[in-house]
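To find a chain, count down the sequence lines: A is the first, B the second, and so on, and within it residues start at 1. It should be emphasised that the depicted structure is a prediction, and the values quoted were computed from it without experimental measurement.
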Amino acid sequence: MKKEISKAFESVSKEKEIYGMWEESGLSNPDTMESYLREKDIAVKKPFTIPLPPPNANANLHIGHMCGYSFQDAMGRFNRMTGHPTLLLPGKDHAGIQTETSFTKILKERGIDKWSMSREEFYKQCYEFSMKNAQNAREQEKNIGLSADYSREFFTLDPRLTKIVYETFYKMFKDGLIYRDKRIINWCPNCKTALADIDTEHEARRGIFAYIVYPFIDESDRARAKEKFGIEGITVATTRPETMLGDSAVAVNPMDDRYKEFVGKKVLLPISNREIPVIADEEIDMELGTGALKVTPAHSPIDFEMGQRHSLEIINVIDEDAKMSGNVPERFLGMGTVECSKSLVKELNALGLLTKIENITHEIAVCERCNTPIEPIISNQWFVNVKPLAEEALKALEKGDTKVIPSGQQRALEHFLKNIQPWCISRQLWWGQRIPVWYSGGKKLHDWLRENRGKDISEYTKETGLEVNGTGEIYIGENMPSDTSVTWEAEQDMFDTWFSSGQWPYSTLGGIEGEDFKKFYPAQVMETARDILFFWVARMMMLGIYVTGKTPFSTVFLHGLILAEDGSKMSKSKGNGVEPSDVINKYGADSLRLWYFSDALPGSNAPVREEKIKGNRNFVNKIWNASRFILMNIDETELDMVSKYEVDSNLPRVIKTKDHIEKVSKYLENYKFNLGAEAIREFFWHQLCDIWIEEIKGEIKDEAIGSEIRIAKLAELLLILKENLKIMHPFIPFITESVWQELVALKLAEGILMSKQISK
RNA sequence: GGGCGAUUAGCUCAGCUGGCUAGAGCACUUCGUUUACACCGAAGGGGUCAUAGGUUCGAAUCCUAUAUCGCCCACCA
C-alpha cells in the first residue's frame, strides 16, 4: 500500500523533520560535500564561500536577519547544487558597546548597578548572556533553513579569533598605522566611552541660539564697536552657552569687513573674566550667526581644529559625566551642561550681555546606541590611520575586484572611502577584546610624556607628585613583558567591535596560515544589509586587503530594507516589529523566503505584507498538491517501471523545462532573485500545473494501468517534477526536499535533494 | 551643506546594455463543487510609465531641467 499523503503541506512539523535530516547528512560542511561529489564522480568545482554576517548576540533575530539568511542560503544551495563545495560560515558577534549597553540595562531592571560590579564579574555574566542569545539565534537560523556549516561556527571573542585580531594590531603598529593621540573625540556620557565618528548619529533636537556680547578690553576698541555695532563688544552666537567657560578666542573671517579692524584685539570673556583674542580664520562662515564664533577647542571639533591652527589654549570645562568641571567658577562646578547653560543665560542677561535668544531646532550628534547627546571632549585614544587602507579598498572597487550590488551603494562606499577620517578604535568598555598594550611606569606617565614633549620623568614626578617605576614607553603584546624591573600597567581599553568583526572573512578561516584560508579565501559573496556598509563592509575590505593582500569578497550583495507594514522603520520602541517565528509558524519558512526574494531587492524598501506571504504559502501548497497528484497517479505496480523508464530528452516539454532551468540558473548567477522567484512560480504553476498536468491527464485517461504510454507519460511528468524541485530548492528548500523525500520513499528518487546537482 | 536613490495598475514592486498590444504578486469583478489543490480553476477590469524639454526611425528605458519623496554622510554658529 502506498501511504496516504496529506492534502495540505504541514510546514511546521515537516520543516523541523527536514532540517534534522540535512543536519544529519553533514552536507553543509564543504568537506563532506566534496567527498560526496567525488564519490558520485561529479566534477568538483572551486569552493564557494560566504562569511555569514554574525548577528549581535544580545537579542533575538529579527525579520531583517532572516532576510539575509534567506539570500545567503539560496546562493549557498545553488552553488552546492552546481558542483561547488560550499561554505556558509556562521557566527555570532559579541557586539561590544551594543551588548554592554543592553546588558547594563537588563542589570538595571534587575536592580543591579553595573558600576557596583567588578569588571570580571560583569564580563562573565555578559558572556553567559551572549551565549544564551547565540543559542536562540542559532535555532532561528535553522528555522529559516540556513544550510550553514555549524562545525565551523565562531563567536567573535573566541581566543582563536582574538589571536588573529591581535596579530593584525601588531602588524599595523609596526607599520605605523596605529597611534595614540590626544584629540577631540565623541564621548558618550551615558556609555562612558569614546566613539568613532561613524558610531554617532545626527538628530534634530530643540535648542537655543544665544547671542552673547564679549566686550573689548581696550577703551578705544569699545568706542569703535559702540559706534559700529551699538554695543561695546563683539557679539557671538552659540547653541551651547556653557562651553563659553572654556573659550580661548573669538574667530572671524579675515574677509569680513565688519570685524577686520578688530582682529588681534582682546575681548573680555564674560563670567570667567578672562582676556581672549579675536583671531581670523578662513573657515568662518560670515553668514552664520553673527559671523563671529566663540572658540572652545576642548569641546567642539571645529574649534579644536582651529585651536590647533592658532595654537590656542585648550581649556577643559566639561568632564566625562557631562558635568561642568575644571577651570570654571565655583558655582558651576558639578552642574549638568543644560543646567549650566540656563544659569549662564540668566547671569548674562542680568549683566546686559545677552542681546537675543532664539529657540531653534538643530541637528546634534547623539550616541548611536543610547541616543544620548555626544559630548565632544579631549581625550587620549588609540587611532588607526585608515587613509592608506582606504586607498587600497578604493582600488579594489575601481578595478572591479569587488563590486557592490546595487551599484549606487558602490558609489556611496567610494565616497565614504575617499573622505575617511582616522578611526578611533579604543573603547572604554568592559565587554570585548582588550587592546594588547602595556605601559612601562603606567599609562598616565606615557600620556603625560607624549603631551609634554621634551620634558622628562623627573619633571613628571615634580608636577604630579607621583613616583614612577618605568620609562613611559609602551610594549605591544598580549602578555605582560618579562622585564620585571619596571612596573607595567595593562591597557584597559577595549577594541571597537568593528576592529574584530572587520577581520571576520579571514579570522574565521584560521588567518592567513589557516588550512581553510587557503581553500576558502577570498569569498565570492558578502551578503548583508546596507546599513552596515560603512561600518562593516568598508572595514572588512580595508583590513582584508591589508592583511591578506586580497579583497575579501568579489561581490557585495546588499538586500533591501524590511519595513513595517505601513512603510515605517521597524523599531523596538514603536513596537511595530514583525516576529519571524510568528510568520514561519503561520505560513512556513519557504513562504517567507520567497517573499524576501521577490520583494527585498537590493536598493529597495520592503514593507512586510502578510497577504503576499500568504500568497507564497499558497504556491508552496500548490507544489505539494501537484506532486501529490503525480504520485497518486502512479499505480503501485507501475513504480518500478516509471522509475526505470528512460525519458526521451527531445520531448518538447522536457526541452522547455531545460530552457527554464537554464534561465533560472542565469538569474541566480546574476543575483536576480526576484526574476528567479517569479520564473519558478510562473513555470511550475502556470506551465506545469495548469497546462502540462492537465494535458497529460487527458493523454492517459483511457490508458490501462501498466501500459507503455502511461509509463512514458508518467515518467516524463516525474522527470519534469524532479528537475523543477531541484531548481526551486535554493529558493524554497523545505517543500522541495519534502516532496523529494516522498519520491525517495517510493523509490522514485534517491538521496537528499540538497546535494543533487542541477542539470543545466 | 554634500552624496546616493526613487517617482510605472488600488497596494508593493519587476521591466538588464532603448524596439512587439507596458508586466508580476496581492487586492478587485464575474463565473465554476471536471476523481491534485477553494491555500483551486476559467474569464476580466484597471496605468497618458511624476512634469517639461531634448537625442533617436523608435524612450518607461538615454540626456537636461523642474517638482515631490526617501536614505546616507556632514565639525551641535
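- Proximity of A/K697 to the phosphate of B/rA36: a side-chain N or O atom is located under 4.0 Å from OP1 or OP2.
- Place A/P607 and A/G615 on RNA chain B by their nearest nucleotides, and A/P607 ends up nearer the 5' end.
- A/N674 and A/S598 share no side-chain donor-acceptor pair at under 3.5 Å.
- Checked against the 6.0 Å centroid threshold, A/F416 and A/F535 do not count as a close aromatic pair.
- At a threshold of 4.0 Å, the pair A/E283-A/R309 does not count as salt-bridged, since none of the basic side-chain nitrogens sits closer than that to a carboxylate oxygen.
- For the OP1/OP2 pair of B/rG41 and a distance below 4.0 Å, the side-chain nitrogens and oxygens of A/W685 include at least one atom meeting the criterion.
- When each of A/E611 and A/G291 is assigned the nucleotide of RNA chain B with its nearest heavy atom, A/E611 is the one assigned upstream, toward the 5' end.
- A gap of 16 Å separates the C1' atoms of B/rA50 and B/rA59, to the nearest Å.
- Between A/E305 and A/R183 there is a salt bridge, since a side-chain N of the basic residue sits under 4.0 Å from a carboxylate O of the acidic one.
- Taking atom P in both B/rC62 and B/rC16, the straight-line distance is 8 Å, to the nearest Å.
- Residue contacts shown for A/F534 are limited to sugar-phosphate atoms, with no base heavy atom under 4.0 Å away.
- Counting non-hydrogen atoms under 4.0 angstrom, A/D690 reaches the backbone sugars and phosphates but no base.
- For B/rC39, the base has no donor-acceptor partner in the side chain of A/K622 [N/O atoms by modelled type, under 3.5 angstrom].
- Spacing between B/rU7 and B/rU17 at atom P, rounded to whole Å, works out to 14 Å.
- A salt bridge does not link A/E682 to A/K663: none of the charged nitrogens lies less than 4.0 Å from a carboxylate oxygen.
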TODO: Scan nucleotides 15-22 of chain B nucleotide by nucleotide, 5' to 3', and note B when protein non-hydrogen atoms come under 4.0 Å of the base, S if they reach only the sugar-phosphate, - if neither.
DONE: --------

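- Taking only distance into account, the side chain of A/E694 meets the base of B/rA36 through a donor-acceptor pair shorter than 3.5 Å.
- Among the heavy atoms of the strands lying under 4.0 Å from A/A626 is at least one base atom, whether or not backbone atoms are also near.
- Contact annotation for A/T239: backbone-only contact, meaning every heavy-atom pair under 4.0 Å involves sugar-phosphate atoms and none involves a base.
- Looking at heavy-atom distances under 4.0 Å, A/L601 makes contact with sugar-phosphate atoms alone, never a base.
- Counting only Watson-Crick and G-U wobble pairs whose two distances sit under 3.5 Å, RNA chain B takes part in these stems of three or more pairs: B:1-7 with B:67-73, B:10-13 with B:23-26, B:28-32 with B:40-44, B:50-54 with B:62-66.
- Inspection of the A/K294 and A/T243 side chains reveals an N or O donor paired with an N or O acceptor under 3.5 Å.
- Residue A/K614 places none of its side-chain N or O atoms closer than 4.0 Å to OP1 or OP2 of B/rG25.
- Contacts of A/F416 with the nucleic acid, taken as non-hydrogen atoms under 4.0 Å apart, are absent.
- No salt bridge links A/K713 with A/E703; every basic N to acidic carboxylate O contact stays at or beyond 4.0 Å.
- Distances shorter than 4.0 Å separate some side-chain N or O of A/R681 from OP1 or OP2 on B/rC26.
- Atom CG of residue A/L688 and atom CD1 of residue A/I623 lie 10.0 Å apart, to the nearest 0.5 angstrom.
- Using a 4.0 Å heavy-atom distance criterion, A/P373 is classed as making no nucleic acid contact.
- Ion pair A/E678/A/R681 not flagged as a salt bridge, since none of the NZ, NE, NH1 or NH2 atoms sits closer than 4.0 Å to an Asp/Glu carboxylate oxygen.
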